[in-house]
Amino acid sequence: MLDNLSRQLIDCYQKGFPVGPRPFQQLAAEFGVKEQEVIDCLRTLRSQRVITRVGPVFDHHRAGSSTLAALAVPSERLLEIADFINSFEGVNHNYEREHEFNLWFVVTACDHEDLQTTLQAIERGTGMPMLVLPMEQAYHIDLGFQLQWQDKA
């Protein structure tokens, strides 16, 4: 069960996170808590795997390079490999699919060379051949979700 601050952060800031020198202080003022409470709350949510990251999402064709990639991972290694992939700074999401290539993720980087370095490091680290699927056409999918909380915090 998540506390009220956790729920507020998730509900209000899946997008539109404040940009500035003290974004966590701005959130703290909005929610009537201390800045460190916001930082601690986000760290806890990350350690509990409720969230995977707090960071910007850029149009990578304008500000860098990105690609969709996939691995065929044995089911008994899925969490291990997912955690390894999530350890890379440029991985902004990672999910299981029902397919031979069952672990899909998006990798972003400042440029094409850095992207290739990250992809090669993931491939070396997992020991699995990677399916790389560069974007041919951009589509916008809003990944903000209105959550339905089932209980009271």
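Just so you know, residue 1 is the first one in the sequence shown, and it goes up from there.
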- Would you sort out whether Val54 and Leu45 count as a side chain to side chain contact (heavy atoms under 4.5 Å, CB included), showing the intermediate values? CA-CA 10 Å; Val54 174; Leu45 290 171; over 6 Å; no

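- When hydrophobic side chains of Ile, Leu, Val, Met, Phe, Trp and Tyr are connected at separations under 4.5 Å, Tyr95 ends up clustered with Leu68, Phe101, Trp104, Val106, Leu131, Leu133.
- Between Val50 and Ser6, every side-chain heavy-atom pair lies at or beyond the 4.5 Å cut-off.
- Both Leu103 and Val132 sit in one connected hydrophobic cluster of ILVMFWY residues. Membership requires side-chain heavy atoms under 4.5 Å apart, directly or through other members.
- Among pairs with a residue in residues 105-116, none fulfils salt bridge (Lys or Arg N to Asp or Glu O under 4.0 Å), at least two apart in sequence or across chains.
- The line from CZ of Phe31 to CZ of Arg7 is 14.0 Å long, rounded to the nearest 0.5 Å.
- Residue Gln8 holds its CD atom at 9.5 Å from SG of Cys41, rounded to the nearest 0.5 Å.
- Evaluation of the ring-ring contact (aromatic ring centres under 6.0 Å, His included) rule for Phe24 yields Phe17 as partners, not counting sequence neighbours.
- Remark: Ala121 pairs with Phe88, Arg124 by the side chain to side chain contact (heavy atoms under 4.5 Å, CB included) rule, at least two apart or across chains.
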- Query: Please walk me through it: do Val107 and Ile122 pass side chain to side chain contact (heavy atoms under 4.5 Å, CB included)?
  - Reply: CA-CA 10 Å; Val107 181; Ile122 292 172; 4.3 Å; yes

Side-chain atoms of residues 71-84: list all donor-acceptor pairs with protein atoms under 3.5 Å, sequence neighbours left out, distances to 0.1 Å.
from: Arg77; atom 1: NE; to: Glu80; atom 2: OE1; distance (Å): 3.1
from: Arg77; atom 1: NH2; to: Glu80; atom 2: OE2; distance (Å): 2.9
from: Asp83; atom 1: OD1; to: Arg49; atom 2: NH1; distance (Å): 2.5
from: Asp83; atom 1: OD1; to: Arg49; atom 2: NH2; distance (Å): 3.3
from: Asp83; atom 1: OD2; to: Arg49; atom 2: NH1; distance (Å): 3.2

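- Taking the side chain to side chain donor-acceptor pair (under 3.5 Å) definition, one finds that Gln14 meets it with nothing, sequence neighbours left out.
- Atom CZ in Phe105 sits 9.0 Å away from atom OG1 in Thr67 (nearest 0.5 Å).
- Listed by chain and number, the residues in a salt bridge (Lys or Arg N to Asp or Glu O under 4.0 Å) with Arg53 amount to none (sequence neighbours excluded).
- Residues forming a side chain to side chain donor-acceptor pair (under 3.5 Å) with Arg43 (at least two apart in sequence, or on another chain): none.
- Once rounded to the nearest 0.5 Å, the distance linking NE2 of His112 with OG of Ser66 reads 11.5 Å.
- Listed here is the closest heavy atom pair of Ser65 and Leu115: OG-CD2, 3.2 Å.
- With rounding to the nearest 0.5 Å, the separation of CG in Leu42 from CG in Leu5 is 7.5 Å.
- Judged as a salt bridge (Lys or Arg N to Asp or Glu O under 4.0 Å), not a single pair has a partner in residues 84-107 (not counting sequence neighbours).
- For Thr118, the side chain to side chain donor-acceptor pair (under 3.5 Å) test picks out no residue, with sequence neighbours left out.
- With sequence neighbours excluded, the residues that form a side chain to side chain donor-acceptor pair (under 3.5 Å) with Asn94 are Asn86.
- Put simply, CD1 on Ile51 and CG on Leu9 are 8.0 Å apart, with the number rounded to the nearest 0.5 Å.
- Contact between Val91 and Ile85 at its shortest, heavy atoms only, is CG2-O, 3.3 Å.
- A 4.5 Å side-chain heavy-atom check between Arg46 and Thr52 finds every atom pair outside the cut-off.
- Residues in residues 9-36 take part in these salt bridge (Lys or Arg N to Asp or Glu O under 4.0 Å) pairs, two or more places apart or across chains: Lys15-Asp142, Arg22-Glu35.
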